[in-house]
Visitor: 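Can you read through this structure? Questions will come right after.
Within every chain, numbering begins at 1; the chains are lettered A, B, ... in the order of the sequence lines, protein sequences first and strands thereafter.
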There are 2 protein chains.
Amino acid sequence: MPSTLPRIDDSRQRVLDTVLALFSTHGYFATSLQDISRESGVSIGSIYHHFGDKEGIASTLYHTLSEQMTARLDRVNRKNGSVHDKCRAIVKMLFDMTEAEPLVMNFMLYAKHKEFLPGEPPICSSKPFALMRDIVRMGMETGEIRRMDLMVASTSLFGGPIRMIMARLDGVLPAQLSRYLDEVWECAWRSVAAD
Amino acid sequence: MPSTLPRIDDSRQRVLDTVLALFSTHGYFATSLQDISRESGVSIGSIYHHFGDKEGIASTLYHTLSEQMTARLDRVNRKNGSVHDKCRAIVKMLFDMTEAEPLVMNFMLYAKHKEFLPGEPPICSSKPFALMRDIVRMGMETGEIRRMDLMVASTSLFGGPIRMIMARLDGVLPAQLSRYLDEVWECAWRSVAAD
DNA sequence: GTCTATATTCGGATAGAC
DNA sequence: GTCTATCCGAATATAGAC
């Protein structure tokens with residue numbers, strides 16, 4: 001009765017779904033508004049009404065996905081006890097997400113936001129990455145992770161897994177990421193674990 | 001006497017230097033041929049004469065830098081004995097290169113080649129990365145590196161250092177990369193070293 | 001809010017003189 | 001090999017009816 005439940009702006013969402021696919025496969029600049037209009041079934045005029053301009057579409061998409069990712073990280077973070085378990089769960093979540101929603105992962109990791117979202121801070125400074133660093137910091141305080149520069153620890157711990165994700169997105173991995181999880185995690189954790 | 005010695009095509013090289021800077025800062029699509037012409041001092045007609053079209057410029061630049069990188073990797077590879085030393089020297093070389101020629105590194109790591117070089121294979125399949133994997137494979141044969149999936153080992157060993165480079169290029173590292181080399185390498189090597 | 005038609009700008013590419 | 005001038009298509013964005 002309070003009316004609006006699943007009745008989200010339908011055309012808005014259709015456009016966002018469409019641009020995710022188009023940006024991920026062809027890139028931002030190679031995607032024209034005509035493409036977006038045709039694929040989404042929403043007229044150009046309507047698109048401008050909702051998003052202002054082309055950059056507005058990309059910006060909306062980016063923030064939506066970024067928040068979604070942050071929320072997932074938060075949930076994983078709260079559900080797990082030790083820093084070791086938290087981080088492993090994060091890697092597993094990222095791997096699963098890559099297989100389930102490769103387009104999302106592709107956009108988040110690969111899209112050169114700087115080129116079409118000039119105002120946005122670099123991806124390493126974004127909320128999700130900051131959260132991951134916070135967990136690593138905690139790991140040093142609890143003694144699970146060796147004391148060292150925080151950035152070094154973060155990149156060492158998550159750098160390998162992230163490159164595996166990129167390899168998978170590039171289509172150069174023969175099997176699903178889950179197949180590699182144990183080995184990848186073993187390496188990642190060894191790199192920073194206290195002796 | 002055999003004539004042409006340092007007399008490299010001057011305008012050709014000027015264009016390549018210019019586009020490296022422009023592509024790295026503004027991206028391929030945001031760089032127009034007018035920009036290139038203005039910054040390089042070479043006329044548009046001349047540019048087309050040399051490179052055919054805009055993609056040709058990017059392609060030439062990419063292959064030039066890729067070969068340059070491969071040559072350096074080769075030299076480092078031959079100059080060092082153990083796989084451990086080879087890999088450490090590679091990371092050091094990449095770090096030094098990032099500080100000395102950030103634009104080159106930026107283009108090689110960050111440029112979304114897929115978007116403007118459709119024919120090119122993904123960066124992980126490129127010559128430099130293949131060479132790095134070869135060395136890792138050798139490490140498993142000599143027993144320096146634990147037996148595991150080759151891709152996992154490669155991404156684990158070089159993933160951390162590469163993310164550090166990206167962080168540096170993004171301007172989120174306070175100090176030069178050399179400052180972090182020891183710590184980064186310690187982590188990287190631990191991740192794959194035999195016990 | 002949605003659409004169609006249209007304006008305007010811009011950038012890649014070419015022609016052709018020198 | 002280098003340059004200037006120009007063409008042409010395409011893409012963003014707008015106007016304005018419904």
Side-chain angles (χ1 to χ4, degrees), chain A residues 3-62 111-119, chain B residues 3-62 64 111-120:
Chain A
S3 71
T4 51
L5 242 177
R7 198 75 197 90
I8 298 290
D9 268 11
D10 205 32
S11 50
R12 240 183 107 88
Q13 193 56 46
R14 273 214 312 281
V15 168
L16 289 177
D17 291 344
T18 303
V19 296
L20 173 60
L22 292 177
F23 288 175
S24 292
T25 50
H26 308 299
Y28 175 83
F29 293 100
T31 302
S32 72
L33 281 160
Q34 297 222 11
D35 296 334
I36 300 171
S37 173
R38 181 170 20 82
E39 294 292 311
S40 66
V42 180
S43 73
I44 290 189
S46 215
I47 295 174
Y48 273 92
H49 173 77
H50 282 298
F51 299 98
D53 60 3
K54 191 181 176 185
E55 212 176 283
I57 309 176
S59 175
T60 303
L61 177 63
Y62 177 73
K112 294 217 60 180
H113 310 113
K114 273 187 318 190
E115 290 184 12
F116 53 87
L117 295 177
Chain B
S3 74
T4 51
L5 243 177
R7 198 73 200 91
I8 299 289
D9 269 9
D10 205 33
S11 50
R12 238 182 109 87
Q13 193 56 46
R14 273 214 311 283
V15 169
L16 289 178
D17 291 344
T18 303
V19 295
L20 173 59
L22 291 177
F23 288 175
S24 292
T25 50
H26 308 299
Y28 175 83
F29 293 99
T31 302
S32 72
L33 282 160
Q34 296 221 12
D35 295 334
I36 300 171
S37 174
R38 179 170 23 81
E39 295 291 313
S40 65
V42 179
S43 72
I44 289 190
S46 216
I47 294 174
Y48 272 93
H49 172 75
H50 283 297
F51 299 98
D53 60 2
K54 190 180 177 187
E55 211 176 286
I57 311 177
S59 176
T60 303
L61 178 63
Y62 176 73
T64 302
K112 294 216 61 180
H113 309 113
K114 274 186 317 190
E115 289 184 12
F116 54 85
L117 295 177
E120 234 43 61

Visitor: State which of D:dA13, C:dT14, D:dT2 makes the closest approach to the side chain of A:I44.
Guide: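 Closest nucleotide among those given: D:dA13.
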
Visitor: Rounded to whole angstrom units, what separation is found between the CZ atom of B:F51 and the C1' atom of C:dG12?
Guide: 16 Å

Visitor: What is the separation between atom OH on B:Y48 and atom P on C:dG11, rounded to the nearest whole Å?
Guide: 12 Å

Visitor: In terms of side-chain heavy atoms of B:S43, which of D:dT2, D:dA13, C:dG1 is nearest?
Guide: D:dT2

Visitor: Just to be sure I understand the geometry, which residues of residues 25-39 of chain A put a non-hydrogen atom under 4.0 Å away from DNA chain D?
Guide: A:T31, A:S32, A:L33

Visitor: Parallel, tilted or perpendicular: which one describes the rings of B:F29 and B:F116, with boundaries at 30° and 60°?
Guide: perpendicular

Visitor: To the nearest Å, give me how far apart CZ (B:R14) and C1' (D:dT2) are.
Guide: 11 Å

Visitor: Round to a whole Å and report the spacing from NZ of B:K54 to P of C:dG11.
Guide: 9 Å

Visitor: Here's a test of your reading of the structure: between B:D53 and A:G41, which maps to the more 5' nucleotide of DNA chain C?
Guide: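 First, find each residue's nearest nucleotide; the 5'-ward one identifies A:G41.
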
Visitor: To the nearest 0.5 Å, how far apart are CZ in A:R12 and NE2 in A:H49?
Guide: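 It comes to 9.5 Å.
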
Visitor: Does B:K112 count as lying over the ring of B:Y28, i.e. NZ or CZ under 6.0 Å from the six-ring centre, within 45 degrees of the axis?
Guide: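 That pair does not qualify as a cation-pi contact.
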
Visitor: Is there side-chain contact between A:L16 and A:F51, with at least one heavy-atom pair below 4.5 Å?
Guide: yes

Visitor: Is a side-chain donor or acceptor of B:D17 paired with a backbone partner of B:R14 at a separation under 3.5 angstrom?
Guide: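 Judged by distance alone, no pair lies under 3.5 Å.
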
Visitor: Distance check needed: D:dC3 C1' versus B:H50 NE2, whole Å only.
Guide: 12 Å

Visitor: Can you tell me how far the OH atom of A:Y62 sits from the CD atom of A:E55, to the nearest 0.5 Å?
Guide: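 Reported to 0.5 Å precision, the distance equals 13.5 Å.
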
Visitor: Is any side-chain N or O of A:H49 closer than 4.0 Å to OP1 or OP2 of D:dT14?
Guide: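 No, outside the criterion.
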
Visitor: Could you state the CG-C1' distance from A:D10 to C:dT2, rounded to the nearest angstrom?
Guide: 13 Å

Visitor: Within a reach of under 6.0 Å around CD of A:Q34, are more than 12 heavy atoms found that belong to other residues, nucleotides or ligands?
Guide: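 No, the 6.0 Å shell around CD holds no more than 12 heavy atoms from other groups.
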
Visitor: Do any side-chain nitrogens or oxygens of B:S11 fall under 4.0 Å of OP1 or OP2 in D:dT2?
Guide: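 Checking D:dT2 against B:S11, a side-chain N or O does come within under 4.0 Å of OP1 or OP2.
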
Visitor: Write down the distance between CD1 (B:I47) and P (D:dT4), rounded to a whole number of angstrom.
Guide: 11 Å

